[in-house]
Colleague: 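Just dropping this structure here.
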Amino acid sequence: MQYLTGSIEIITKINELTSAKILWVDTEIADWYTEKPRLSIIQVLTKANDAASQSVYIFDVLDKHDLISYFINQIMINPQIEKVCHNASFDLKYLGSIDAQNITCTLKKARRISKEVLQVSNLQLKTLATELCNFSDVDKEEQGSDWGRRPLTQKQLKYAAMDTVYLAAVHQRLLAFSKANVLTPVIEVAPSSTQPVEKPKSLTPNKLRLAFECPRLLYLNHHFGGSTLFLQTEDVIDISQFHNLVDELINLLLNKPDFIELFRPSASELVVEQIAHNIQQLYYNRIFYAYLQKATSKDSKLAQPLLKVWEGLKKLIISFAELLIINRNYCDAENVISETFIVEDRKLEHYFNLPDNSQLRVLGRYDYLVFNFDLNRLCLIEFKAYQPVDLSAQLAQVAVYSYMLSQNKKAPVDSVVYCILPFKEYYYSWEQLEHIAHELIPRKLEQMQQWLTWRAPLPNPPPATIQPHLCQICPQQQKCQSYFGGSS
DNA sequence: ATTTGTCGTTAGAGCGTGTA
DNA sequence: TACACGCTCTAACGACAAAT
């Protein structure tokens, strides 16, 4: 160890060090607890594996600002020299801060590897020296000692020198660790060729349904908003909470222990009407009655139409009861409900291959999923408050849902649509849905892209496909005629 | 276009750890 | 003591699907 105090010898040594490739650097600070901390000494190790601390140079730079600046300019800023520090951000406060180049922080390295992997109790330099590098007799006392006093004691100088020795040893060990844990190389993502024509980046099953019902309405809705539901005015009651009503029905089935007792007898002993009646009763008392009260208190005219909704829900419950009894053949009473109603993430995503060889993302969320043990098949449920205006559009919508889910599940998925006002059940088997999803949907999606990007007065406006008598109740009939003109 | 509910991302507050 | 950094947790924000 060389302890250098004279300006000339320090500058000479700094000049020597500029040819080094790597240096292990540490500092000691006097008055660190005060407003005006002073850099006391800079320790530099030039050779790793120097347990005898032969190649440590200690520069005494207390209050010698020109020497400190010289060190910073010659060593710290020089990008050719790698400087290794423990908790480098601390030393850099006195040695060039943001100007310093090519700094390696062993604390950062150690943190990245983690305490657990290193199997050490903490990441202090002294701990790493003892627990990672097996140094014994590591001195801790002098760290907080008075580095402003001169002359420095032999003990202080020994401590200061050993710090860099530990630093180099720890550094070597950490390098070995990070080499051993080479992370999987970063996967180069192929740059996606951006299409010159601006096309919708993704579509939804709901939009697809609309595209089948009326492309013009799809277009108007996309650009100008407005309602898309074809409804006779006398049908319309506010059942925006309709999905909530169904949600609560299924939650009730899943969470109410009473229903387990209901399914205690064997399947052959169970009677659909009886089961359904029980569910209806409980649901009416728990959920629907309160909803009815609340709605009619706001508007007493709602009572009559809401009773129609109830009639629909009752029939829905019968359907559920039938399915549950079928499945009771295969499940015990405790599990039949949870095995029938499958609760999981309802989001769906799929990239459809279009006829023009491009791909289009379709995103959607289905309503519910059940399993029928007799058919050994999943079945996706879609709820509609009102009768569909166009059955083929409805079919297309559930075909997309079924198809996307079947891709996830790697299994066929049937679909059923329940309409509540008035109650009607539409069952579609996977065999017909798959055909539609394969043959019809990709072409429709391609058309939709064209329709949605169409700008008046370019040719090929979206056709009006809806039947004329239904167009009379189109929610945007007026706008459609004024925008597209002619027949609707 | 606007709204509504859900869900995932992100900024930042707070805490712990490191330095003399 | 003071400051920097990173981790975690949360609140705010925005994206999204579906409905109006």
Side-chain angles (χ1 to χ4, degrees), chain A residues 25-43 62 85-95 97-98 100 103 105-116 118 120-129 139-149 152 156 159-160 163-164 166-167 170 200-210 213 217-231 236-244 247 344-349 361-367 382-386 397 400-401 404 475-476 479:
Chain A
V25 178
D26 189 27
T27 56
E28 304 302 329
I29 309 297
D31 309 331
W32 51 267
Y33 46 86
T34 66
E35 298 258 318
K36 283 247 168 208
R38 296 181 293 161
L39 179 54
S40 171
I41 54 174
I42 304 170
Q43 309 101 279
L62 189 67
C85 307
H86 195 69
N87 197 4
S89 67
F90 179 84
D91 299 292
L92 288 187
K93 275 198 294 187
Y94 306 93
L95 292 178
S97 62
I98 56 167
I103 305 294
C105 177
T106 47
L107 175 59
K108 265 191 193 175
K109 266 194 188 304
R111 284 218 251 246
R112 208 169 307 150
I113 296 166
S114 93
K115 213 164 65 171
E116 287 68 30
L118 291 171
V120 293
S121 48
N122 62 53
L123 300 180
Q124 295 170 18
L125 182 61
K126 283 154 199 66
T127 310
L128 295 177
D139 185 8
K140 295 186 177 183
E141 288 174 35
E142 300 300 326
Q143 181 175 38
S145 68
D146 183 358
W147 294 98
R149 203 179 55 200
L152 294 169
Q156 280 179 308
Y159 167 89
D163 254 6
T164 59
Y166 301 147
L167 175 62
V170 166
K201 57 190 185 309
S202 62
L203 292 171
T204 69
N206 199 40
K207 282 235 159 66
L208 187 93
R209 187 214 77 224
L210 183 55
E213 288 179 352
L217 188 51
L218 169 78
Y219 177 87
L220 290 170
N221 173 261
H222 183 77
H223 291 287
F224 308 106
S227 173
T228 60
L229 249 48
F230 288 85
L231 292 173
V236 178
I237 58 164
D238 176 25
I239 45 170
S240 56
Q241 306 215 25
F242 171 71
H243 271 84
N244 285 347
D247 270 347
E344 55 184 39
D345 189 10
R346 278 135 61 165
K347 283 201 302 291
L348 295 170
E349 177 182 25
R361 187 165 77 131
V362 175
L363 293 168
R365 209 189 304 267
Y366 63 83
D367 284 348
E382 176 74 10
F383 288 106
K384 300 281 181 204
Y386 297 103
Q397 183 183 11
V400 173
Y401 283 132
M404 294 204 291
Q476 298 209 33
K479 186 172 264 178

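As the structure is a computational prediction, the values presented were derived from the model and not from experiment. So that the names make sense, note that chain A is the first sequence line, chain B the second, and so on, each numbered from 1.
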Colleague: Would one find a side-chain N or O of A/Asn206 under 4.0 angstrom from OP1 or OP2 of C/dA19?
Modeller: yes

Colleague: Could you tell me whether the side chain of A/Asn221 and the main chain of A/Thr228 form a donor-acceptor pair under 3.5 Å?
Modeller: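 Such a contact is absent between A/Asn221 side chain and A/Thr228 backbone.
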
Colleague: Tell me which nucleotide among B/dG18, C/dA19, C/dA18 gets nearest to the side chain of A/His243.
Modeller: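 Out of B/dG18, C/dA19, C/dA18, the nucleotide with an atom closest to A/His243's side chain is C/dA19.
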
Colleague: Roughly, in whole Å, what's the span from CG in A/Leu203 to C1' in C/dC16?
Modeller: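 Checked: the CG to C1' distance equals 13 Å.
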
Colleague: Of the nucleotides C/dC5, C/dT20, B/dT19, which one has an atom closest to the side chain of A/Asn221?
Modeller: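 Per side-chain heavy atoms of A/Asn221, the pick is C/dT20.
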
Colleague: Look at the side chain of A/Arg111 and decide which nucleotide, out of C/dC16, C/dA19, C/dG6, has an atom nearest to it.
Modeller: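 My answer, after comparing the listed nucleotides, is C/dG6.
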
Colleague: Examine distances only and state if a side-chain atom of A/Ser40 and a backbone atom of A/Trp147 form a donor-acceptor pair shorter than 3.5 Å.
Modeller: yes

Colleague: Nearest whole angstrom, please: distance from the P of C/dC3 to the NZ of A/Lys36.
Modeller: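 Value for this atom pair: 14 Å.
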
Colleague: So what does A/Phe383 touch, heavy atoms closer than 4.0 Å: a base, only the sugar-phosphate, or nothing?
Modeller: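 Nothing, no heavy atom under 4.0 Å.
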
Colleague: Name the closest nucleotide to the A/Leu363 side chain, picking from C/dC16, C/dC5, C/dA18.
Modeller: C/dC16

Colleague: Any idea which of B/dA1, C/dC5, C/dC3 is nearest the A/Lys93 side chain?
Modeller: C/dC3

Colleague: Quick check on C/dT20: is either OP1 or OP2 less than 4.0 Å from any side-chain nitrogen or oxygen of A/Tyr386?
Modeller: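 A/Tyr386 to C/dT20 OP1/OP2: no side-chain N or O under 4.0 Å.
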
Colleague: Taking donor-acceptor contacts at under 3.5 Å, does the side chain of A/Asp26 reach the base of B/dT19?
Modeller: no

Colleague: In whole angstrom, give the distance that lies between atom CH2 of A/Trp32 and atom P of B/dG18.
Modeller: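 My rounded result for the distance is 16 Å.
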
Colleague: Applying a 4.0 Å non-hydrogen cut-off, can you work out what A/Lys108 is touching in the nucleic acid: base, sugar-phosphate, or nothing?
Modeller: sugar-phosphate

Colleague: Tell me the interatomic distance from A/Gln124, atom CD, to B/dG16, atom C1', rounded to whole angstroms.
Modeller: 12 Å

Colleague: Are A/Thr27 and A/Cys85 packed together at the side-chain level, in the sense that at least one heavy-atom pair is separated by less than 4.5 angstrom?
Modeller: no

Colleague: Using modelled atom types and a 3.5 Å cut-off, is there a donor and acceptor pairing between side-chain atoms of A/His86 and backbone atoms of A/Asp26?
Modeller: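 Not at all, since once roles are kept as given, no pair shorter than 3.5 Å links the two residues.
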
Colleague: C/dT1 C1' sits how many Å from A/Ile29 CD1, rounded?
Modeller: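 Computing the A/Ile29:CD1 to C/dT1:C1' distance gives 14 Å.
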
Colleague: Using OP1 and OP2 only, check whether a side-chain N or O of A/Lys347 sits under 4.0 Å from B/dG8.
Modeller: yes

Colleague: Quick one: A/Tyr401 OH to C/dA17 C1', roughly how many Å, whole number?
Modeller: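 Rounding to the nearest Å, OH of A/Tyr401 and C1' of C/dA17 are 8 Å apart.
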
Colleague: Within the 4.5 Å heavy-atom criterion, are A/Pro205 and A/Met404 side-chain neighbours or not?
Modeller: yes

Colleague: By the 4.0 Å heavy-atom rule, please label A/Ser145 as base, sugar-phosphate, or nothing.
Modeller: nothing

Colleague: With a non-hydrogen cut-off below 4.0 angstrom, is A/Asp367 in contact with a base, only sugar-phosphate, or nothing?
Modeller: nothing

Colleague: Out of C/dA17, B/dG18, C/dT20, which has the shortest distance to the side chain of A/Asn122?
Modeller: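 For A/Asn122, the side-chain atoms sit closest to B/dG18.
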
Colleague: Roughly, in whole Å, what's the span from CG in A/Leu92 to C1' in B/dG18?
Modeller: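 My rounded result for the distance is 14 Å.
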
Colleague: Which part of the nucleic acid does A/Leu125 contact within heavy-atom distance under 4.0 Å: base, sugar-phosphate only, or nothing?
Modeller: sugar-phosphate

Colleague: Checking all strands, does A/Asp31 fall into the base, sugar-phosphate, or nothing category for heavy-atom contacts under 4.0 angstrom?
Modeller: nothing

Colleague: B/dT17 C1' sits how many Å from A/Asn87 CG, rounded?
Modeller: 9 Å

Colleague: So, A/Lys347 and A/Glu349, do they make that salt bridge, N to O below 4.0 Å?
Modeller: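 Salt bridge absent between A/Lys347 and A/Glu349.
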
Colleague: Just N and O in the side chain of A/His86: are any of them under 4.0 Å from OP1 or OP2 of B/dT19?
Modeller: yes

Colleague: Starting at the 5' end of DNA chain B and moving along, which residue's nearest nucleotide shows up first, A/Leu107 or A/His222?
Modeller: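 Nearer the 5' end of the strand: A/His222.
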
Colleague: Has A/Thr204 got a side-chain N or O lying under 4.0 Å from the OP1 or OP2 atom of C/dA18?
Modeller: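 So the side chain of A/Thr204 is within the cut-off, an N or O lying under 4.0 Å from OP1 or OP2 of C/dA18.
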
Colleague: Taking only Lys NZ, Arg NE, NH1 and NH2, and the carboxylate oxygens of Asp or Glu, determine whether A/Lys126 and A/Asp163 approach each other closer than 4.0 Å.
Modeller: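 Answer for the salt bridge query: yes.
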
